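Bear in mind that the values here come from a model prediction, so they are computed numbers and not experimental data. Throughout, residue positions are numbered sequentially from 1 according to the sequence presented.
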Amino acid sequence: MIPSTTLPSSGLGGPLYHKDQMPEHFHEHFIVTGYRHPKSSAWQCILSLFDATNETLNFWTHFLPSWYFMWVLKGLSETLDFQHDPYTWPLLCYMFACCMFPLASAIAHTFNVMSERARHVCFFLDYSALSLFSFGVAVSYRAYCFPEVLKESVFYPWYVFGAGCCAVVCTLSSCGTRFMRPSAVRQCLRLFSFSLPYLFNSFPVIVRLLFCSEEESRLTAQTLHARQFIFAVIAAFLYASHFPERLKPGQFDIIGHSHQLFHVATILGVMDQLQAVLQDMQERRALVSSWMDFDLHTSLGLMGLVLVVNTVIITVYSLYLYLAKNLHLLPPSHTAAATAATDSKCKCS
């Protein structure tokens with residue numbers, strides 16, 4: 001551990017700092033070096049994307065996939081009639097969510113060091129986009145992937161409503177953890193916030209994999225659905241365990257730490273999920289159209305509603321953050337005194 005008086009290393013977006021030179025709520029578990037100044041300008045944040053910081057690959061591992069999903073959406077728009085064919089509307093919801101959640105994550109990892117308040121707001125947006133993605137998954141699953149064994153159950157008509165509730169709970173609880181001190185409780189609560197909608201939304205597909213009919217067992221998407229769960233388990237393990245940097249703190253600061261690997265595993269899982277949804281959409285159209293009506297309010301309408309609710313939640317949290325900062329209601333690590341102490345450590349030359 002180097003002392004706080006050690007001179008920071010140079011970077012394109014400004015000097016880079018050691019963990020000891022940063023305020024507590026900017027710390028990442030077992031990440032020792034490569035931190036950007038906690039009051040960086042927007043331009044410094046952008047320049048840092050081309051520098052070797054501990055956030056650089058966090059950005060690129062989600063920014064590039066967001067453009068890939070946009071490219072896929074463009075290709076689909078040239079072959080499908082999104083404007084006039086209601087059967088494609090759930091897919092449009094899902095593709096919108098696929099494009100937005102990695103882009104929101106990339107933006108959050110870019111600008112979260114502009115200020116103490118900006119860090120929280122950036123991740124409010126990130127968590128909200130993740131919950132919106134979970135809802136988009138549910139809309140596509142109900143439209144194209146639902147197993148026949150559940151179509152007569154009480155679960156089927158309430159599935160999308162439950163997914164919307166889970167998405168809202170995810171946004172409320174995950175954003176709420178931003179006001180907690182770093183701890184195992186906060187980590188577990190945040191992991192639970194993301195796991196709840198994932199497990200709820202995945203239930204129909206899990207049932208289909210375990211109790212599929214003979215016809216469903218022959219669907220092309222079966223293998224893809226199974227493989228995406230493998231990537232999901234890997235992603236959850238990486239997020240919760242902080243492996244491999246836990247083994248050698250400081251060794252994986254720039255390349256190879258768990259959050260980067262978590263991003264990669266997540267995107268690989270989503271790519272499999274996307275292909276599975278597309279395969280089911282194509283192969284099961286006649287079947288699902290026989291028991292389901294495709295209309296605006298069960299797809300794009302509900303997606304818009306969840307987006308509005310999430311926007312209200314993060315707006316309220318952001319306003320509270322502003323008031324709490326002025327009224328000193330936040331934990332000690334969030335106070336102006338802590339920021340002033342940081343300024344005395346992080347003096348840019």
Side-chain angles (χ1 to χ4, degrees), residues 86-98 130-174 191-230 232-233 236 269-270 272-274 276-307 309-310:
Y87 184 70
T88 66
W89 292 345
L91 177 64
L92 185 59
C93 287
Y94 174 69
M95 289 306 306
F96 172 75
C98 283
L130 277 172
S131 81
L132 188 68
F133 170 73
S134 74
F135 183 74
V137 170
V139 170
S140 67
Y141 278 177
R142 181 178 184 268
Y144 311 123
C145 309
F146 227 81
E148 292 185 69
V149 70
L150 288 180
K151 70 178 183 179
E152 301 297 337
S153 69
V154 69
F155 182 69
Y156 177 71
W158 291 99
Y159 172 65
V160 171
F161 175 78
C165 292
C166 287
V168 171
V169 169
C170 172
T171 305
L172 279 169
S173 57
S174 60
L191 184 61
F192 169 78
S193 300
F194 300 138
S195 299
L196 174 65
Y198 180 82
L199 293 173
F200 179 87
N201 298 340
S202 299
F203 178 73
V205 175
I206 294 172
V207 169
R208 178 174 138 182
L209 290 173
L210 295 177
F211 307 104
C212 60
S213 65
E214 184 178 348
E215 181 181 354
E216 287 172 336
S217 68
R218 292 194 296 266
L219 291 171
T220 309
Q222 289 293 95
T223 301
L224 293 168
H225 280 306
R227 195 167 65 187
Q228 62 136 329
F229 286 118
I230 297 175
V233 170
V270 174
D272 272 352
Q273 183 185 72
L274 170 58
V277 168
L278 291 175
Q279 292 289 346
D280 278 342
M281 179 187 179
Q282 179 180 358
E283 296 179 8
R284 305 183 81 217
R285 179 162 189 161
L287 176 66
V288 298
S289 295
S290 67
W291 79 62
M292 178 178 176
D293 292 326
F294 295 88
D295 49 47
L296 191 65
H297 78 270
T298 59
S299 53
L300 296 171
L302 285 176
M303 173 71 83
L305 178 61
V306 173
L307 179 60
V309 173
N310 276 357

Just by distance, do the side chain of [X] and the backbone of [Y] share a donor-acceptor pair under 3.5 Å?
X      : Y      : answer
Asn201 : Ser134 : yes
Ser202 : Leu199 : no
Ser289 : Ala286 : no

Indicate the atoms forming the closest heavy-atom contact of [X] with [Y], along with that distance.
X      : Y      : result
Gln279 : Ala221 : CB-CB, 4.0 Å
Pro147 : Arg284 : CA-NH2, 4.4 Å
Ser153 : Pro157 : O-CD, 3.3 Å
Thr171 : Ser131 : OG1-OG, 2.6 Å
Leu196 : Cys166 : CG-SG, 4.1 Å
Val306 : Gly164 : CG2-CA, 4.4 Å

Mind checking the [atom1]-[atom2] spacing from [X] to [Y]? Nearest 0.5 Å is all I need.
X      : Y      : atom1 : atom2 : value
Asp280 : Leu287 : CG    : CG    : 10.0 Å
Asn310 : Leu130 : CG    : CG    : 10.5 Å
Asp295 : Leu302 : CG    : CG    : 9.0 Å
Ser299 : Leu92  : OG    : CG    : 8.5 Å
Ile206 : Phe211 : CD1   : CZ    : 10.5 Å
Ser217 : Glu215 : OG    : CD    : 9.0 Å

Counting C-beta onward and ignoring hydrogens, is there a side-chain heavy-atom pair between [X] and [Y] closer than 4.5 Å?
X      : Y      : value
Val149 : Ser213 : no
Met281 : Thr88  : yes
Gln282 : Thr220 : no
Met303 : Leu132 : yes
Cys93  : Phe135 : no
Val270 : Cys98  : yes
Val277 : Val137 : no

Would the number of heavy atoms belonging to other residues, nucleotides or ligands and lying under 6.0 Å from CZ of Phe192 be above 12?
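Check fails, neighbour count at 12 or below.
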Candidates Tyr141, Phe161, Phe146 - the one meeting ring-ring contact (aromatic ring centres under 6.0 Å, His included) with Tyr156
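Of Tyr141, Phe161, Phe146, ring-ring contact (aromatic ring centres under 6.0 Å, His included) with Tyr156 is met by Phe146 alone.
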Look at the rings of Phe294 and Tyr144 and say which category their plane angle falls in: under 30° parallel, 30 to 60° tilted, over 60° perpendicular.
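Ring orientation, 0 to 90° scale: parallel.
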Taking the inter-plane angle between the rings of Phe200 and Tyr159 on a 0 to 90° scale, is it parallel (under 30°), tilted (30 to 60°) or perpendicular (over 60°)?
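Parallel.
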Apply the test side chain to side chain contact (heavy atoms under 4.5 Å, CB included) to residues Val288 and Tyr87: give CA-CA distance (whole Å), side-chain angles for both, the deciding distance (0.1 Å), then the verdict.
CA-CA 10 Å; Val288 298; Tyr87 184 70; 3.9 Å; yes
Scan Glu148, Glu216, Gln222 and name whichever one has a side-chain hydrogen bond (donor to acceptor under 3.5 Å, both in side chains) with Arg208.
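Going through Glu148, Glu216, Gln222 one by one, the side-chain hydrogen bond (donor to acceptor under 3.5 Å, both in side chains) with Arg208 is satisfied by Gln222 alone.
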Looking just at side-chain N and O atoms, do Ser174 and Ser193 make a donor-acceptor pair shorter than 3.5 Å?
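No pair is found: no donor N or O on one side chain lies under 3.5 Å from an acceptor on the other.
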